[in-house]
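Notes to accompany the following structure.
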Amino acid sequence: MNLAPAHPSLRIYNTLSKRKEPFATVQAGKVGIYLCGPTVYDKAHIGHMVGPVIFDCIKRYLTYCGYKVNWVVNITDVDDKLIKKANERGISMLDVAKENVADYNSNLTALGVDQIDHFPRATDCMPEIIGFIECLVERGVAYESEGDVYFDVGKDSDYGKLSNRSIESLQGEGGSTGERKKHPADFALWKSAKPGEPSWESPWGNGRPGWHIECSAMSKKLLGDTFDIHGGGLDLVFPHHENEIAQSECCHNAPMVLYWAHNGLLRAGAAAAKIGGRTEKPGEPAAATGDAVSGKMSRSKGAGGLATLIEKQGGERIRFFLLRTHYRSTVLFNEPAIEEAGIGLESFYRLFKRYTRATGKDFYALKSPTSREASDGLVASATSDPALQSAARCRENFISAMDDDFNTGGAIGELFELLTITNKFVDDHNLEGDGKTNTAAVATFTALLTTLKELANILGIFLHAPASAGGTDDLLTKLMPLVIDLRANARKTKNFAVADKIRDGLAPIGIVLEDRAGGTEWSTNSTSGESGSSDPDASARTGALMQLLIQLRADARAAKDFATGDTIRNRLTEIGITLEDRAGGTEWTNT
RNA sequence: GGCCACGUGGCGGAGUGGUGACGCAGCGGACUGCAAAUCCGCGAACCCCGGUUCAAUUCCGGGCGUGGCCUCCA
């Protein structure tokens, strides 16, 4: 068939050809993408997010490259397992689906997946599904048998081309439907209804669709007979996608998909806290997600708890963690690895704070180029500033990596280069100190971060400020200025013993101080990164901080420094905290 | 058994026919009252055996190992 001219540099790996191929679309400037979404019989686990996250980036990148992208993710909401679940719980299949669709959507939102254009559901596409099956029956590649309809694999000479297997080698699903089929490898397009099952009217009697047909029908409906990219997990290659391609190509007599893009699977790595090699962190808790058995993650093995994981780690960490690896690789999943990804992210967050300190402006509000062409033009006119030149090189390398089958891991490496370049520039020009007035340098700082923003946008990271930065607990936020003032006072009077006691006392509570040109900054090492989720450590933290303050006041009083002692109590009173000195020690209450 | 991936430093993870990203961890230095952060620097790897080549971690063949699919699975 006639395709639009290929993109000059973008290449995509195609499962069908087992090669990277130049990217040529059906229609010039347009891309249709279909990603197999979940069967919503249960909550999602982290493995379900790999496809959505990488395709979210793929769409962002293709859009950046100038394509108009239409991305479809289906929801399969009719299936044996949904029916089983509904019966177990005494609710309707629709209710089971509703619950798990809500879970799925909230997971997507948390991971920043917001590029999906259509969310078709199988139960909303019954006429299209039935019409599709009729087409296959008319063409003689499907047959009715006792109210079921089966695809006749023997009629499709191409059957097996995607997963590279022969009909003879296939066992088929066996089971009770075996004798209704001509060949064991024939698969159901339509299943006759058993009593009490949800069903739809059809030319073959009441029933419901088989597993694979909904994707053929929905992709046809929303993307056409031939579309550009079909995605899904590697485990879907056979039988799901093999059957899809058979159905669609027999119905249309045309290629279904130009590029089959399959993401690698997640493995549950043993909880081995091998971050940092030999030194094991003592007391590291075991992985919180299910049993730490090795092997592919799947719901049938009890994988789950994604919502909990997101609440604990934050969506951006998980997204960044997934993007560090090329999408076709197997990823070993464990929480320490996500935390390592988080450490990398923190360096970027700190740079964004530097920007605010130096300029008073907000990184997240920066406007960056949204198209490759526009940005290419800007770079061509770039100045001779070496930092900007280095940044331009990073951008080129980043784009080359993305051009090479969406190599997000390589792209992220360039982001870290850009991080160092920018920090160095800020250091060299003292932009948090005297350099603040150097408008040319400040403009360069902004330009560097604008490039960082441009690239981060492609990966869908650094879109919004992480909620937890600076702490979410009100009382903590009120107490810290007092603590910092006390320490500043001690430092001013060269009373470093007290100053160090304050900082050393904060460390075990999980609060870190940084002395900056403009004052002391504080942050918590909380692992909670998402808005809406309260920090589980907050109250313990506040309690420990109060004990520290009480101790400082006791020390001051013991040293006859009653001024400091009174300052502590008075400032606490302003915050709403009352101290009571009792025989057994000082107690505090928050009114 | 068949089909498909993969095997890179202490760990994670890019890439390449010839000077081996990047991150984490470690070490040294600058900065700091001390730190933190930041910057600079250092050490450290291409599973094994053949072949092609002036030259292979990179290409080809074989072996070993790991993972996935062949039943539901993102």
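Just so it is clear: chains get the letters A, B, ... in the order the sequence lines come, proteins before strands, and each one is counted from 1. Note that these values count all heavy atoms, side chains included, but never hydrogens, waters or copies made by symmetry.
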[N] OP1/OP2 closer than 4.0 Å to side-chain N/O of [X]:
X: A:Thr420; N: B:C22; value: no
X: A:Ser347; N: B:U38; value: yes
X: A:Arg267; N: B:G68; value: no
X: A:Lys353; N: B:A37; value: no
X: A:Asn164; N: B:C4; value: yes
X: A:Arg299; N: B:A74; value: yes

Please classify the nucleic acid contact of [X] as base, sugar-phosphate, or nothing, using heavy-atom distances under 4.0 Å.
X: A:Gly51; result: nothing
X: A:Leu513; result: base
X: A:Arg328; result: nothing
X: A:Val512; result: sugar-phosphate
X: A:Gly231; result: nothing
X: A:Arg487; result: base
X: A:Lys494; result: nothing
X: A:Ser298; result: base
X: A:Asp500; result: base
X: A:Asn407; result: sugar-phosphate
X: A:Glu417; result: sugar-phosphate
X: A:Phe416; result: sugar-phosphate
X: A:Arg503; result: base
X: A:His326; result: sugar-phosphate

Pick the [atom1] atom in [N] and in [M], then give their distance to the nearest Å.
N: B:A56; M: B:G20; atom1: C1'; value: 13 Å
N: B:C27; M: B:G65; atom1: C1'; value: 34 Å
N: B:U8; M: B:C31; atom1: C1'; value: 36 Å
N: B:U71; M: B:C46; atom1: P; value: 41 Å
N: B:G43; M: B:G10; atom1: P; value: 15 Å
N: B:U16; M: B:U58; atom1: C1'; value: 6 Å
N: B:A37; M: B:C69; atom1: P; value: 42 Å
N: B:G9; M: B:A5; atom1: P; value: 23 Å

Quiz item: Nearest nucleotide by nearest heavy atom, which residue falls closer to the 5' end of RNA chain B, A:His240 or A:Val237?
Solution: A:Val237

Practice problem: Using the closest heavy atom to pick a nucleotide of RNA chain B for each, name whichever of A:Lys424 or A:Asp404 lands nearer the 5' end. | Solution: A:Asp404

For [X] and [N], what is the distance between atoms [atom1] and [atom2] respectively, to the nearest whole Å?
X: A:Leu345; N: B:C24; atom1: CG; atom2: P; value: 11 Å
X: A:Leu266; N: B:C69; atom1: CG; atom2: C1'; value: 17 Å
X: A:Ile83; N: B:C72; atom1: CD1; atom2: C1'; value: 14 Å
X: A:Phe425; N: B:A37; atom1: CZ; atom2: P; value: 24 Å
X: A:Asn263; N: B:C6; atom1: CG; atom2: P; value: 15 Å
X: A:His262; N: B:A5; atom1: NE2; atom2: C1'; value: 13 Å
X: A:Glu242; N: B:C3; atom1: CD; atom2: C1'; value: 11 Å
X: A:Ile412; N: B:G15; atom1: CD1; atom2: P; value: 13 Å

Quiz item: If you take atom types as modelled and just measure distance, does the side chain of A:Arg491 reach the base of B:G33 with a donor-acceptor pair under 3.5 Å?
Solution: yes

Quiz item: Do A:Asp515 side-chain and B:C31 base share a donor-acceptor contact under 3.5 Å?
Solution: no

Nearest listed nucleotide, side chain of [X], among [options]:
X: A:Thr325; options: B:A14, B:C69, B:A37; answer: B:A14
X: A:Arg165; options: B:C70, B:C72, B:A37; answer: B:C70
X: A:Lys18; options: B:A74, B:A35, B:A5; answer: B:A5

If you take all heavy atoms of [X] and [Y], which pair is closest and at what distance?
X: A:Leu108; Y: A:Phe119; answer: CD1-CZ, 3.6 Å
X: A:Thr451; Y: A:Arg395; answer: CG2-CB, 4.3 Å
X: A:Ala122; Y: A:Val78; answer: CB-CG1, 3.9 Å

Quiz item: Are side-chain heavy atoms of A:Tyr327 and A:Asp405 found at a separation under 4.5 Å?
Solution: yes

Quiz item: Heavy-atom distance under 4.5 Å between the side chains of A:Leu222 and A:Asp117, does that happen here?
Solution: no

Looking at [N], which nucleotide sits across from it as a Watson-Crick or G-U wobble partner, both distances under 3.5 angstrom, or is there none?
N: B:U66; answer: B:A5
N: B:C27; answer: B:G41
N: B:U19; answer: none
N: B:G50; answer: B:C60

Exercise. Calculate, to the nearest 0.5 Å, the distance between atoms CE and CG belonging to A:Met49 and A:Leu322 respectively.
Key: 9.5 Å

Quiz item: Is the gap between the ring centers of A:Phe348 and A:Phe416 under 6.0 Å?
Solution: yes

Practice problem: Would you please indicate yes or no on a ring centroid separation below 6.0 angstrom for A:Phe445 and A:Phe425? | Solution: no

Quiz item: More than 12 foreign heavy atoms under 6.0 Å from NZ of A:Lys492: is that the case here?
Solution: no

Quiz item: Does A:Lys161 NZ have over 12 foreign heavy atoms under 6.0 Å away?
Solution: yes

